[in-house]
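Working notes, beginning with the structure itself.
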Amino acid sequence: SLFSNAELKCNLDNILKIKSEGISGKRVFETNCSSCHRKGDSGNNIGPDLSKIDQKLDKVGLFEAITRPSSSLVFGYETFTLSTKSGDSFYGFILSENDKNITIKDLAGKQHSILKKDILKKEMDKNSIMPDAASFQFSHQEIADLLTYLTLKN
């Protein structure tokens with residue numbers, strides 16, 4: 001597998017040497033990433049917006065974020081499960097919290113406002129909802145192209 005821990009550094013070195021194309025990376029993004037992420041006018045607002053990711057991470061940082069999504073959770077994108085006294089359960093991102101309510105956005109993008117007095121349990125998930133990178137089964141060329149696309153300025 002491209003993303004086995006023992007081979008990450010070797011793979012990154014090889015990937016950075018590949019001639020890559022942003023247009024091909026855009027196709028990889030739209031096929032694999034846009035269901036959760038947005039870049040420019042493409043994608044959804046479930047996970048972090050990647051439109052300006054080039055200002056925060058270089059290709060090495062992006063490779064790390066893609067291959068180890070749980071090691072660098074972005075603030076505000078930690079997932080929580082809220083269990084209520086009525087037996088309902090809500091899973092998603094906390095948008096706001098005050099003395100009376102918690103507003104959570106589920107993975108479909110729907111917002112739920114829940115009274116704190118009705119919440120039995122609030123648990124944070126330690127893992128990212130982003131699938132393990134191995135599940136994407138990217139080729140070296142695809143990941144090189146994706147990294148190039150993500151580092152292009154909008």
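The shown structure was predicted, so the numbers you read here are calculated from the model rather than taken from an experiment. Any value given below was found using the heavy atoms of this structure, including those in side chains, with hydrogens, waters and symmetry copies removed.
- Within the 4.5 Å cutoff, the side chain of Thr84 has no heavy atoms near those of the Leu120 side chain.
- Met124 and Tyr77 end up in different hydrophobic clusters when Ile, Leu, Val, Met, Phe, Trp and Tyr side chains are linked at under 4.5 Å.
- In this structure, the side chains of Ser20 and Lys59 come closer than 4.5 Å at one or more pairs of heavy atoms.
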Requested in this report: Evaluate the criterion side-chain contact (heavy atoms from CB on, under 4.5 Å) for residue pair Glu30 and Ser42; output intermediate values, then yes/no.
Outcome: CA-CA 7 Å; Glu30 289 174 348; Ser42 178; 3.4 Å; yes
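- Panel note: side chain Arg38, backbone Asp49; no donor-acceptor pair is recorded below 3.5 Å.
- With respect to Lys122 and Glu97, a salt bridge is recorded, a charged nitrogen being found less than 4.0 Å from a carboxylate O.
- Contact check for His37 versus Asn44: no side-chain heavy atoms found under the 4.5 Å cut-off.
- A salt bridge is defined here as a Lys NZ or Arg NE, NH1 or NH2 lying under 4.0 Å from an Asp or Glu carboxylate O, and Asp54 with Lys153 meets this definition.
- Side-chain contact check for Ile94 versus Thr103: every heavy-atom pair is 4.5 Å or farther apart.
- Here Ser86 contributes atom OG and Ile119 contributes atom CD1; the two are 10.5 Å apart, rounded to the nearest 0.5 Å.
- Between Tyr91 and Leu107, the closest side-chain pair of non-hydrogen atoms falls below 4.5 Å.
- Taken from CD in Gln55 to OG1 in Thr151, the straight-line distance is 12.0 Å, to the nearest 0.5 Å.
- Phe29 does not carry Lys39 over the face of its six-membered ring by the limits of under 6.0 Å from the centre and within 45° of the normal.
- Using a 4.5 Å heavy-atom cutoff, the side chains of Phe93 and Ile46 are in contact.
- Between the OG atom in Ser70 and the CG atom in Asn127 there is a gap of 4.0 Å [rounded to 0.5 Å].
- With a 4.5 Å cut-off on side-chain heavy atoms, Phe90 and Asp106 do not count as touching.
- Taking CG from Asn45 and SG from Cys36, the interatomic distance works out to 10.5 Å, rounded to the nearest 0.5 Å.
- Between the side chain of Lys100 and the backbone N or O of Lys117, no donor-acceptor pair lies under 3.5 Å.
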